[in-house]
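Below is one structure, written out as structure tokens; comments come after it.
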Amino acid sequence: MNIAIFASGAGSNANKIIEHFSNHQLVHVKLVACNKPGAGVIDIAASYGIPVLMIEKEKFFRGNAYVEELKEAGIDFVVLAGFLWKVPSALINAYANKIVNIHPALLPKYGGKGMYGNFVHAAVIAAKEKESGITIHVVDELYDHGSVIFQATCPVLPQDTPETLAQRIHALEHQHYPAVIEQFLLQQL
Ligand code: GAR
């Protein structure tokens, strides 16, 4: 099975996923797709010799959504890891139930447009939540909406800033995302 990772930022989750599958018998990270020139994930992909597909807005939202390029590369499954654009229907239909996302909060709370990265953690802290966490879910046509595959929680501490909470959430993501992807993929074989 060949995976494409879609990412927009630093790529720490992409890094963990690539490492996890680097010697895997059945699952290979074949491609990294990125919409942001200069993003850290591009260097991470290069350091593992994984090709990077730079995606452009016009073609993604009003063209073929890169479906042909992904199919040509033999991609079976798409993993979003800090990818900040909404996934267009053309891509969702071509990979029905084969796209997963990680969200840095306990959905359905703190999801939707504009809820990404530290905006999520700032909202969680402002609401004085005692607990936050991560959600891994199948991607559908709505932001942060498809069926939930996995959740894990962590405490929100009284002295937390968005940055300290982000660190705790990232650790939880790194601990779980690669293994949850593996389990979800192997179930489909
Ligand atoms: C991760 O915390 C991920 O959950 C979040 O972006 C971060 C990317 O970090 N995704 C969203 O907020 C999506 N709504 P990374 O680039 O270091 O993996």
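We count ligands from 1, going down the list as the structure has it; atoms in each ligand are counted the same way.
Remark: E129 engages K109 in a salt bridge, criterion side-chain N to carboxylate O under 4.0 Å.
Annotation: H170 places an N or O atom under 3.5 Å from an N or O atom of ligand 1; distance criterion only. At least one N or O atom of E173, backbone or side chain, sits closer than 3.5 Å to an N or O atom of ligand 1. On a distance-only criterion, G11 and ligand 1 share at least one N/O pair closer than 3.5 Å.
Of all the atoms in ligand 1, the ones that sit under 4.0 Å from a non-hydrogen atom of G82 are 6 (O), 8 (C), 10 (N). Near M115, meaning under 4.0 Å from one of its heavy atoms, ligand 1 places the atoms 14 (N). Residue G117 approaches ligand 1 through these ligand atoms, each under 4.0 Å from one of its heavy atoms: 12 (O).
Panel note: side chain N13, backbone A81; no donor-acceptor pair is recorded below 3.5 Å. A donor-acceptor pair under 3.5 Å is formed between the side chain of Y95 and the backbone N or O of I75. Formation of a donor-acceptor pair under 3.5 Å by the H103 side chain with backbone atoms of Y110 is found in this model.
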Verdict with reasoning, W85 to F6, per ring-ring contact (aromatic ring centres under 6.0 Å, His included)
CA-CA 10 Å; W85 283 353; F6 278 53; 9.7 Å; no
Are H28 and F21 close enough, and set up right, to give a ring-ring contact (aromatic ring centres under 6.0 Å, His included), and what steps lead you there?
CA-CA 6 Å; H28 307 282; F21 291 113; 9.0 Å; no
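Distances from atom 18 (O) of ligand 1 to the heavy atoms of T135, L172, N13 show the closest one on N13.
A distance of 11.5 Å separates CD1 in I181 from CD in Q183, rounded to the nearest 0.5 Å. For the atom pair R168 CZ and D160 CG, the distance stands at 4.0 Å (nearest 0.5 Å).
Under the 4.0 angstrom criterion for non-hydrogen atoms, A7 is not in contact with ligand 1. The shell of residues lying under 4.0 angstrom from ligand 1, judged by heavy atoms, includes I102.
For atom 11 (C) of ligand 1, the closest heavy atom belonging to the protein is P104 CD, 3.6 Å. Protein heavy atom at the shortest distance from atom 17 (O) of ligand 1 is S12 OG, 2.6 Å.
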